[in-house]
Amino acid sequence: MSLAAFLASLDQLATDGPARIAAADSLEAWSEVRNALVGRQAGRLSEIMNGLGALAKEDRREAGQRANAVKQALEGALEERRAAIAAAAATSGPALDLTMPGRRTWHGAVHPVSLVIDEVIEIFRELGFTVALGPEAETSWYNFGALNFPADHPAMDLHDTLYLGDDQVLRTHTSPVQVRTLQQYPPPVRILAPGNVYRRDFFDASHAPMFAQIEGLVVDEGVTFADLKATLTHFAHRFFSPTTRTRFRPSFFPFTEPSAEMDVACGVCAGSGCAVCKHSGWVEILGSGMVHPAVLEAAGLDSERYTGWAFGMGPARTAISRYGIPDIRILYDSDVRFLEQFAR
Ligand code: PHE
């Protein structure tokens, strides 16, 4: 091939190329044009360059330089065009549809049991109570022995308690925190102890093998059952409604004497009877009583000098009667559609 023929085809490309580049009006068209002009495989420039070897030796230098200049000019024009196409796409694009519904965002919500715990703590905080915590893996002395359970009490049976070892249990109630607190802090003591407890139960509509409790404890000189009744009634009026009726029924716990369970008039049927209150008109919300002298002594206190009262409440049960939840298992399902209803 002659140098003149080689240069002529380069000139042809140098004039045709820019016109084709300018005509590309989309990124797809642009990339086709680029492949056709300067593509390594089948581009026109590569085709022409393949002819370099057929030129006379002394002509190759000039031919190579001219080819390079054309290549640079084409690449410059291509880059300019690509930027122009991209800029045009960014400003036009499909029209904005202002009638389209917004995307729903999930805000998260506080679990109803946590809501109840927070609110109970808030109400008792106003009365001077602070929060105390204890371990969920507990020794059987704190869980039973110090709480005046007799050695053969059925609660200690393998059927009811989850043992971690000979002497270690998953606490079956939050009452061991009473003893731990009294050992650590001298009276006057006014604490709430929220936390999880474990029992060897199967899940059903009203039982769970793990659930939350809130313990309350007051110990000082001269504390009486009247304090217990007045404080817990005040609590019920704050938590449910100022006109909620309450009643105390005699009960039994090894660690309190006397003991009482507190009922509130059913919030769902206002006392006339429904499925939530099992048609009794009342819902039991807590167990309570005067701290047994043996418990005060186990914690190292003089039971002649000090008296106290305590209560234990299940916030899941409370949430159920307050929100009318038909089955306790819903509280453990982590179903967002259920939890979302409690967003605040
Ligand atoms: N610990 C008792 C229970 O789990 C509740 C309770 C606590 C009763 C404190 C009286 C005083 O059933």
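What's counted below: heavy atoms across the whole structure, side chains too, no hydrogens, waters or symmetry copies. Order of appearance sets the numbers: ligands from 1, and atoms from 1 within every ligand. Throughout, numbering of the chain's residues begins at 1 and tracks the sequence.
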Exercise. Of W309, Y185, Y306, which is the lone residue that meets side chain to side chain contact (heavy atoms under 4.5 Å, CB included) with V219?
Worked result: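 By the side chain to side chain contact (heavy atoms under 4.5 Å, CB included) criterion, V219 pairs with just one of W309, Y185, Y306: Y306.
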Exercise. Does the ring of W282 carry R245 above it, NZ/CZ under 6.0 angstrom from centre and within 45° of its axis?
Worked result: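 Geometry flag: set, cation within 6.0 Å and 45°.
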For this session: Would you indicate which of A155, S259, S288 comes nearest to atom 10 (C) of ligand 1 when only heavy atoms are counted?
Result: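 Minimum heavy-atom distance to atom 10 (C) of ligand 1 goes to S288.
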Exercise. Which option, F253, F252, W309, owns the non-hydrogen atom nearest atom 8 (C) of ligand 1?
Worked result: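 Considering heavy atoms of F253, F252, W309, the nearest to atom 8 (C) of ligand 1 sits in F253.
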Exercise. Does a salt bridge link R199 with D160, judged by any charged N lying under 4.0 Å from a carboxylate O?
Worked result: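 The answer is no: the pair does not qualify as a salt bridge.
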For this session: Would you mind checking which non-hydrogen protein atom is closest to atom 2 (C) of ligand 1, with the distance to 0.1 Å?
Result: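 For atom 2 (C) of ligand 1, the nearest protein heavy atom comes out as F255 CZ, 3.6 Å.
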For [X], the ligand 1 atoms whose distance to one of its heavy atoms is below 4.0 Å:
X	answer
G312	5 (C), 6 (C), 7 (C), 9 (C)
Q213	3 (C), 4 (O)
E215	7 (C), 9 (C)
Q178	9 (C)

Exercise. Taking non-hydrogen atoms only, is R199 closer than 4.0 angstrom to ligand 1 via side chain, backbone, both or neither?
Worked result: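 The answer is the side chain.
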Exercise. Below 3.5 angstrom, do we get any N/O pair linking T256 and ligand 1?
Worked result: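 Among all N and O atoms of T256, none is under 3.5 Å from an N or O of ligand 1.
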